[in-house]
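Down below is the structure, laid out as structure tokens.
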Protein chains: 2
Amino acid sequence: MATRGRPRTFDPDTALRQALDLFWERGYEGTSLSDLAQAMGIASASIYACFGSKEDLFRQVMALYGTTSGEPPRRALHEHPTTRAAIHAMLRATADEITRPDAPHYCMLILAAPTGAVENRAIQEFLADLRRDMRTAVQDRLARGVADGDLTAPPAALDAIARYYTTVVQGLSVQARDGATRAELEAVITCAMAAWDTLTSAPSRTGA
Amino acid sequence: MATRGRPRTFDPDTALRQALDLFWERGYEGTSLSDLAQAMGIASASIYACFGSKEDLFRQVMALYGTTSGEPPRRALHEHPTTRAAIHAMLRATADEITRPDAPHYCMLILAAPTGAVENRAIQEFLADLRRDMRTAVQDRLARGVADGDLTAPPAALDAIARYYTTVVQGLSVQARDGATRAELEAVITCAMAAWDTLTSAPSRTGA
DNA sequence: CTGTTTGTTTGTCGATCGACCAACAAACCG
DNA sequence: CGGTTTGTTGGTCGATCGACAAACAAACAG
């Protein structure tokens, strides 16, 4: 069962990358199928044949986005020995990604479809789920820090701290979208990390 | 030059409020003129006669939004005696607004049109300008704190601190959008304020 | 009353939306 | 070679988009 029938004239990976670029620039609702077909260099019917519907295509695009742009922040979170360094590096990796000169200056996950028409609600919640996963990843890293012994904080505070740094990441995306430079984001990150010692030393009345 | 011609059968303020509710729920691109006409209880032609185009209507909606939902955070920023209390109160007022049970759980200014189709770029930049005004307002409040003598920080640090707390506000909106409760936002705010003493006491290497 | 002014209703405009079908094209199987 | 399978092209579908024009309705001026 090798290759049967007419072979594809386009590379699905390349086409997916081109779809990613367009969705990234215009968001989910702002990108039409004819725009996509033109950018991908194929007819819209080929999109349906290869990727399914517009919604299916977008989900595949987001998977690609996660393994490319999403990777540096995720890796930063995992690869640094101390929790503090991991969080700091994640913020900086995020800032790097959202100020790259060759791509829109924001995180797709956060701004591609935060609101929209009722018929696109499934996509909005799909992205919301991925964002909640972001927070879970941060929270897991904090828990690992407690296990490693380099972080001491009450379990209730871990929730708050994880949500706090996730909030900063999401705010950074809006800042970059509005024209903040890499250096300006760095200054924000420095401010955000200024809370670290207080959050991880005091008995911390950050409950909820 | 009293009332000439046929009088209006609807109240423009009420209609604008209804348009606000719909734009708030679905964003700019996700809201169609027929949706608006139905929600406002008038024909689409009456929208054009009274408010101009969809874009004009949205700008008027945002003006109303600014004087209603935008007012509590703005007032908090101005009315508290110390800078620290003002920033803290602004964050809490924001959290109050974006978790009200009778409205969508996010700030329209931030999430109604962060990205979108090319033909709507003017609206996206219109909102971006308003968001930059947010940061300017925070920065002005910090400058006032320096003048009042309750805040000591190098001028360069003021930029960073203002952008930092603006970033937190914008991140809070994404958190609320994704289901965070008022209490969870409060915990985030507590974390964000934990940086305050460090930011406003140390010589502060937050340059850029 | 008539004429003017203003607002509303109805209908429609060309364009575009996402989705898909039928016809055609190019590979492999035997 | 013919038959099968798969992909692509061009066309089309009903629905809807934002925007407006024409016709009708209700107030005032005189």
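Naming: A, B, ... by sequence-line order, numbering from 1 per chain.
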Taken to the nearest whole Å, CD/B:Glu55 to C1'/D:dC17 is 16 Å
Atom pairs and distances, donor-acceptor, side-chain atoms in residues 69-77 of chain A, under 3.5 Å, two or more places apart:
residue, atom, partner, partner atom, Å
A:Glu71, OE1, A:Arg74, NE, 3.3
A:Arg74, NH2, A:Gly66, O, 2.5

Does A:Arg17 pair with A:Asp21 as a salt bridge, N-O distance under 4.0 Å?
->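 A salt bridge links A:Arg17 with A:Asp21.
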For DNA chain D, which residues in residues 30-53 of chain B have a heavy atom at a distance below 4.0 Å?
->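 Per residue number, the list reads B:Thr31, B:Ser32, B:Leu33, B:Ser34, B:Ser44, B:Ala45, B:Tyr48, B:Ser53.
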Can you list, by residue number, the residues of residues 116-128 of chain A that have a non-hydrogen atom closer than 4.0 angstrom to DNA chain D?
-> none
Filtered N/O pairs between nucleotides 25-27 of chain C and protein, under 3.5 Å:
residue, atom, partner, partner atom, Å
C:dA25, O4', A:Arg6, NH1, 3.4
C:dA25, N3, A:Arg6, NH1, 3.4

Excluding sequence neighbours, so at least two apart, what forms salt bridge (Lys or Arg N to Asp or Glu O under 4.0 Å) with B:Asp11?
->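 Result, salt bridge (Lys or Arg N to Asp or Glu O under 4.0 Å) vs B:Asp11: none returned.
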With salt bridge (Lys or Arg N to Asp or Glu O under 4.0 Å) as the rule and sequence neighbours excluded, what pairs involving [range] come up?
range: residues 39-51 of chain B; result: none
range: residues 44-58 of chain B; result: B:Glu55-B:Arg59
range: residues 33-53 of chain B; result: B:Arg26-B:Asp35

For the student: nearest non-hydrogen atoms of [X] and [Y], plus distance:
X: A:Val174; Y: B:Ile110; value: CG2-CG2, 4.1 Å
X: B:Pro81; Y: B:Arg144; value: O-NH2, 4.1 Å
X: A:Ala192; Y: B:Tyr164; value: CA-CE1, 3.6 Å

Pairing residues for A:Tyr106 by the side chain to side chain contact (heavy atoms under 4.5 Å, CB included) criterion, not counting sequence neighbours =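 Applying side chain to side chain contact (heavy atoms under 4.5 Å, CB included) to A:Tyr106 gives A:Trp24, A:Pro104, A:Leu111, A:Ser173, A:Arg177, B:Thr115.
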Results of side chain to side chain donor-acceptor pair (under 3.5 Å) for B:Thr9 - residues two or more places apart only |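 Expected list: none.
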Set of side chain to side chain donor-acceptor pair (under 3.5 Å) partners for A:Ser44, sequence neighbours left out = none
Under 4.0 Å from any atom of DNA chain C, heavy atoms only: list the residues of residues 10-29 of chain B that qualify, in numerical order.
-> B:Phe10
